[in-house]
Amino acid sequence: MTDTFRVAFVCVQNAGRSQMSTAFAEREVAERGLDGRVEIVTGGTDPADHVHPEVVEIMRELDIDLSDRTPHEISTAELEACDIVATMGCSTLSLDADVEVRDWALSDPDGRDTAAVREIRDDIRERVATVFDDIEARVEAA
């Protein structure tokens, strides 16, 4: 492991689940005092033009603004430089490096009603917190 622990949140479009995961991860870094010790990476294998509107709306309920975020493509090389890669259940990734891949098998929020998107969001928030419990322990032990 390098001095900076790298964690990636990846899905196909980088427009919903991975964007919510990244936003929650950014909060975890700030709240746990891990600035400079944890790097968050996000992207998609076939990125959309914008973050899904229903995702932007549901994250606003938690005072998280995703309206200025733009989905982007992520390379295999970027992912292979990570310590943990969390996929959202839509990945066909095949990484050669020693990377821990966690596939979360989450439903796609695109086009779903508010209640469904809220349920996906809350599941993601819990999963990200669990990942950061693990990351924090590894960073503290390093």
> Are any non-hydrogen side-chain atoms of Trp104 and Ser21 less than 4.5 angstrom apart?
yes
> If you draw a 6.0 Å radius around CG in Asp49, do more than 12 non-hydrogen atoms from other residues or ligands fall strictly inside?
no
> Taking Glu119 first and then Arg112, would you say they form a salt bridge - that is, a charged N and a carboxylate O separated by under 4.0 Å?
no
> Looking at Pro109 and Met20, what are the two nearest heavy atoms and their distance?
CG-CE, 4.2 Å
> Could I get the full list of side chain to side chain donor-acceptor pair (under 3.5 Å) partners for Glu57, not counting sequence neighbours?
none
> To the nearest 0.5 angstrom, please state how far the CG atom of Asp35 sits from the CD atom of Glu26.
10.5 Å
> So that I can tick it off, tell me whether Asp122 and Arg118 are bridged by a salt bridge, with the cut-off set at under 4.0 angstrom between side-chain N and carboxylate O.
no
> Checking Asp103 side chain against Gly89 main chain: does a donor-acceptor pair fall under 3.5 Å?
yes
> Return the minimal non-hydrogen interatomic distance between Leu79 and Ala8, and the atom names on each side.
CD2-CB, 3.7 Å
> For the residue pair Arg17 and Cys11, what are the closest heavy atoms and their distance?
NH2-CB, 4.4 Å
> So which atom in Ala48 and which in Pro71 form the shortest heavy-atom distance, rounded to 0.1 Å?
O-CB, 3.5 Å
> Testing Thr87, Val41, Ile74, Thr22 one by one against Phe9 for a side chain to side chain contact (heavy atoms under 4.5 Å, CB included), which residue passes?
Thr22
> Looking at residues at least two apart in the chain, or sitting in another chain, which of them share a side chain to side chain contact (heavy atoms under 4.5 Å, CB included) with Asp123?
Leu106, Arg127
> Walk me through whether Arg27 and Asp63 qualify under side-chain contact (heavy atoms from CB on, under 4.5 Å).
CA-CA 11 Å; Arg27 275 199 172 172; Asp63 294 322; 4.0 Å; yes
> Are Leu66 and Val55 close enough that some pair of their side-chain heavy atoms sits under 4.5 Å apart?
yes
> Any side-chain heavy atom of Val7 within less than 4.5 Å of one from Ile135?
yes
> Within a strict 4.5 Å, meaning less than it, do heavy atoms of the Ser67 and Arg60 side chains meet?
yes
> Using side chain to side chain donor-acceptor pair (under 3.5 Å) as the criterion, list what pairs up with Glu54, not counting sequence neighbours.
none
> Applying salt bridge (Lys or Arg N to Asp or Glu O under 4.0 Å), name anything that partners Asp133, two or more places apart in sequence or on another chain.
Arg32
> Within the structure provided, determine whether Asp46 and Glu73 are in side-chain contact (heavy-atom separation under 4.5 Å).
no
> Provide the closest heavy-atom pair for Arg102 versus Ile84 in the form atom of the first, atom of the second, distance.
NH2-CD1, 3.9 Å
> Tell me whether His72 contacts the main-chain N or O of Thr42 through its side chain, where contact means a donor paired with an acceptor under 3.5 Å.
yes
> State, yes or no, whether a side-chain contact exists between Val10 and Met88 at a heavy-atom distance under 4.5 Å.
no
> Check whether any side-chain heavy atom of Met59 sits under 4.5 Å from a side-chain heavy atom of Gln19, and report yes or no.
no
> Sequence neighbours excluded, which residues qualify as salt bridge (Lys or Arg N to Asp or Glu O under 4.0 Å) partners of Glu140?
Arg37
> Is there side-chain contact between Arg121 and Leu62, with at least one heavy-atom pair below 4.5 Å?
yes
> What residues form a salt bridge (Lys or Arg N to Asp or Glu O under 4.0 Å) with Glu39, not counting sequence neighbours?
Arg6
> Report the C-alpha separation of Leu34 and Phe5 in whole Å, then their side-chain angles, then the decisive distance to 0.1 Å, and conclude whether the side-chain contact (heavy atoms from CB on, under 4.5 Å) test is met.
CA-CA 10 Å; Leu34 296 172; Phe5 192 94; over 6 Å; no
